[in-house]
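To start, the structure itself, in structure tokens.
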Protein chains: 2
Amino acid sequence: MELTDRQKLILTLIIHEHIRTAQPVGSRTIVEQYDLSMSSATVRNEMAALTEYGLLRQPHTSAGRVPTEEGYRFFVGNLVQKSGLPTTTRRTIAHQFYQSRQDVEQWLRLAASVLANQSQAASLVTAPHSEKTIFKHLELIATRGRQVLMVLVLMGGEIRQQFISLAEPVSQEQLSAIAAEISTLCVRCDADQMARIRPQLDALGEDILNVLLAEMALTEESATGEIYLDGMTNVLSEPEFAESEEARQALHVLEERSLLENLLASTVMNTDVGGIQVLIGGEGTWNELRQCSMVLSRYGDPNTLTGSVGVLGPIRMPYDRTISTVRFVANVLSDLVSETLAV
Amino acid sequence: MELTDRQKLILTLIIHEHIRTAQPVGSRTIVEQYDLSMSSATVRNEMAALTEYGLLRQPHTSAGRVPTEEGYRFFVGNLVQKSGLPTTTRRTIAHQFYQSRQDVEQWLRLAASVLANQSQAASLVTAPHSEKTIFKHLELIATRGRQVLMVLVLMGGEIRQQFISLAEPVSQEQLSAIAAEISTLCVRCDADQMARIRPQLDALGEDILNVLLAEMALTEESATGEIYLDGMTNVLSEPEFAESEEARQALHVLEERSLLENLLASTVMNTDVGGIQVLIGGEGTWNELRQCSMVLSRYGDPNTLTGSVGVLGPIRMPYDRTISTVRFVANVLSDLVSETLAV
DNA sequence: TTTTAGCACTCTCAATCTGAGAGTGCTAAA
DNA sequence: TTTAGCACTCTCAGATTGAGAGTGCTAAAA
């Protein structure tokens, strides 16, 4: 399938017009709308060809054309020009990060918010997460009776906390001593290396080490860090989701963490950092996403800490702009990670 | 307005039937459905009276009756019997908490999930938060160059983290020393008391103290802890939200944190721990909630740590069951807080 | 060979009309 | 005080219609 330049032009115009109006696009409309120097009949002939190729489709005999998923895919793959975001927009976004609090959580929240607002769709951001969890620091804090709060800091700034119920009460001094001991023994160790210090610990220390290792294993198991969502309600404004049943399916993917983690694990996680992945209409695999598209990217430091950012919206999505936005936000986050978190 | 027992019965039946079917309820329907020993004409007379009182309303002349918001309010205030959850349900829920990880975040997430599933509505849970922030422990961790990760543990297990950019690089040993010094000097201090140790610190220590105090002030300012949401998509299944525009308004309240915090601050936060607050149709105050109701409660330890739990659903909500569920979950969380977090 | 004007044809959509059905309020009798 | 009976009202689903939009095809023009 080799398209002529004119066919590419017409496909592009139809997609633009359809994104703008959410309506089927007729031959006359685009001739008038875009001042084409050809007649509507010519356009009709080209449209017939594009329909033949499976890039357009007619909802019914006497309606205009609508891009098929294949049509969008061709558009994203071949016709989208990598425009980049307007400078003013970049400035606005950068400024927001600049004056936000110096706190990973805030950054991620902000990233989600920026994505949602810029793309008027639902957005998701996962916290930076490393495939291999490396110990950095342990803190034990006596709370009530035999309850101890364990705070575990991992390389890359991930913090995990958990309660431990001890067999008998232990003083804060004693706890601090153990925490300090484990902390110095294990700096920059992974779970396997840490397991080897067991002989050097007393009974209490061993109990704590066990919980610690379990927690690290759990962290390592999960494919992504914490997930931040925003702009779910934006999706509800789109005409294709006027029937809320359609919207329910789409948003369910974001709400059901396990589903979302699977999705991310098998898509973005295979992409290079900085690369963009576009899923159109679920790509035949993700049934819940039949009505929507996602634009995803990976940010961070390829070998150590990475996370995902992305946007979920209707298939009829302004891909060029959305892709630019996702790419830009991913870059901003990459910079922040390498400035503050990198090992 | 004093209702006869028969009027109360009929109001109750109409509400039950309407909750079940989401349709206006006719006089014949409830006579047949509930085997009433009176004729439909009698019921009609009573319905006319209840309509007069403003507890019922007719969508149009020849339709059945629908409860008004006032009707629901009367029902919730006077007719709901405090049934409590079935024992098996209680067991199931308790079991889920029992076998979850020992981690506040997990508990809260689970609480939100349980609420959402049990009530088939959207749920929200805020992390326990105290009006007065009390220092417990400080940790400083060197990351990259002049960047330092500050981890602040507050009484009650709240953890705040933030990056600090120092003027010049400082070794981990030095950082640990300062952290230990501040930690021992300030245990159980509030921000005011902490400010007084400033003279005992060197320049670096002062810088850190400043960030620390700013962070504590910020925490104290915010009315609630972290917010966990779940079941947003449940709301989309309800027939009153079939038009997604209606749903958008409702869910927007949950998504827009500042809105939600305001709402919580001016409702549940004035309730006693263990008390239940029911907002029906926005109560004239909350415009965005005109189409929905919320059932809210407060959990925790009244004098120190409290958080909110609640459910958002359509006005046509099974209040008795929802109230029981919210109350039960609030109690479970209160127990967990007092067992592990209380001061 | 390619493009275009012209035209018959198809299909949707909004507007209008219709009758069935559900539910009411009123009245008069039980 | 309750109830049977009945006229009346209003909605809702289905059928019908005409206008409008858009197409595909054909034959003429470039």
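Because the structure is a prediction, the values reported are computed rather than measured. Below, chain A is the first sequence line, B the second, and so on; all start at residue 1.
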Looking at [Y], is its backbone amide N or carbonyl O close enough to the side chain of [X] to form a donor-acceptor pair, meaning the two atoms are under 3.5 Å apart?
X: B:S123; Y: B:A112; value: yes
X: B:R298; Y: B:T271; value: yes
X: B:T68; Y: B:G54; value: yes

- Aromatic rings A:H16 and A:F75: how do their planes relate, parallel, tilted or perpendicular, breaks at 30° and 60°? perpendicular

- Letter per nucleotide, 5' to 3', of nucleotides 21-26 of chain C [B base touched, S only sugar-phosphate touched, - untouched; heavy atoms, 4.0 Å]: -BBBB-

- Item | B:T42 side-chain proximity, nearest of C:dT4, D:dT3, C:dT12 | D:dT3

- Message: Need to verify one output field. Residue with the more 5' nearest nucleotide on DNA chain D, B:P59 or B:S39?
- Response: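 Looking at the nearest nucleotide for each, B:S39 comes out on the 5' side.
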
- Message: In whole Å, I'd like the distance from the CD atom of A:Q7 to the C1' atom of C:dT2.
- Response: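 Roughly 14 Å, once rounded to whole Å.
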
- Item | For atom NE2 of A:H60 and atom C1' of C:dT10, their distance in whole Å | 9 Å

- Item | Donor-acceptor pair between B:T51 and B:R65 side chains, under 3.5 angstrom | yes

- Message: Do B:S27 and B:R44 pair up side chain to side chain, a donor and an acceptor below 3.5 Å, judged on atom types alone?
- Response: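 Distance-only check passes for B:S27 and B:R44.
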
- Message: Less than 4.5 Å apart, side chain to side chain, heavy atoms only: is that true for B:C292 and B:L312?
- Response: yes

- Task: Convert the base pairs of DNA chain C into dot-bracket notation, remembering that pairs crossing earlier ones are written with [ ] and that bases paired across to another strand are shown as |; include only Watson-Crick or G-U pairs under 3.5 Å.
- Result: ||||||||||||||||||||||||||||||

Which donor-acceptor pairs under 3.5 Å do side chains of residues 79-90 of chain A form with protein atoms, sequence neighbours excluded?
residue, atom, partner, partner atom, Å
A:R90, NH1, A:L85, O, 3.2

